[in-house]
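To keep things clear, I will list the structure first and then write my remarks on it.
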Amino acid sequence: MNQTFTRSFSALEPLHELIAAFAAEQNLSAEATYELNLAVEEIFTNYVKYNAGTIRDIRVSACRCGDEVQVCLTDYDVAPFDITRVPVPDMDEAARQGAPGGRGVYLVRLMTDRVEYDYDETERISRTTLIKKVEKGHAGN
């Protein structure tokens, strides 16, 4: 599955529909679908919020690769931001202090099995790939 979305929070509903259709096609469990959807939403909203200097659409592609499902979000004409290099905050300390930020990174890592990041400096293309393991043979129960 491959689709582009306008750089807007109003694109969240169609984005959720894409993830739901992909999850149904792959027979993902309700829990896996929820977790994947939440992680995708977090990356998408960060692209919209923090890469406001570009007007290009955001591409989302999803595929099944053996015992994993992968969702790749691609953002164009942007500066790099490698989520895999962001330290995970101490959530207990953040809750006590009410410190903003960092919770999205924690959430994405919690909801996925692996996150990969790639940046093309020449084209200024940022790609974040969310990877979730599923059972071999079928994707869920």
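As the structure is a prediction and not an experimental result, all values here were calculated from the model.
The minimum heavy-atom distance between Met111 and Ala39, with the atom names listed, is CB-CB, 4.1 Å. Considering all non-hydrogen atoms of both residues, Val86 and Arg109 come closest at O-NH2, 2.7 Å. The nearest pair of heavy atoms linking Ala79 to Arg124 is N-NH2, 3.8 Å. Here the shortest heavy-atom pairing between Ile55 and Arg7 reads C-NE, 4.3 Å. Of all non-hydrogen atoms in Gly104 and Glu42, the two that sit nearest each other are CA-OE2, 3.3 Å. Closest approach of Ala32 and Ser29 over heavy atoms only: N-OG, 3.0 Å.
Residues Ser10 and Ser8 bring a donor and an acceptor atom of their side chains to less than 3.5 Å of each other.
Residue Tyr119 is not grouped with residue Val71 when hydrophobic side chains (ILVMFWY) are merged at heavy-atom distances under 4.5 angstrom, including chains of intermediate members. Both Leu12 and Ile43 belong to a common hydrophobic cluster when Ile, Leu, Val, Met, Phe, Trp and Tyr are linked at side-chain heavy-atom distances under 4.5 angstrom. Taken together through direct or relayed side-chain contacts under 4.5 Å among Ile, Leu, Val, Met, Phe, Trp and Tyr, Tyr50 and Val78 form parts of separate hydrophobic clusters.
Atom CD1 of Ile125 is separated from atom CZ of Arg56 by 7.0 Å, given to the nearest 0.5 angstrom. To the nearest 0.5 Å, atoms CG (Asp67) and CD1 (Ile131) are separated by 11.0 Å. Atom-to-atom distance recorded for Thr74:OG1 and Asp57:CG is 12.0 Å, nearest 0.5 angstrom. Once rounded to the nearest 0.5 Å, the distance linking CG of Asn2 with CZ of Arg59 reads 4.5 Å.
Within a 6.0 Å sphere centred on OH of Tyr117, heavy atoms belonging to other residues, nucleotides or ligands number more than 12. Heavy atoms of other residues, nucleotides or ligands lying less than 6.0 angstrom from CZ of Phe9 number more than 12.
Using a 4.5 Å heavy-atom cutoff, the side chains of Phe44 and Ile58 are in contact. The closest side-chain heavy-atom distance from Asn51 to Phe81 is not below 4.5 Å.
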- Query: Does the pair Leu130 and Leu73 meet the rule for a side chain to side chain contact (heavy atoms under 4.5 Å, CB included), with working shown?
  - Reply: CA-CA 8 Å; Leu130 307 173; Leu73 293 93; 4.2 Å; yes
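A side-chain contact (heavy atoms from CB on, under 4.5 Å) with Asp113 is found for exactly one of Glu35, Lys132, Glu68, namely Lys132.
Applying the salt bridge (Lys or Arg N to Asp or Glu O under 4.0 Å) criterion to Arg127, with sequence neighbours excluded, gives Asp118.
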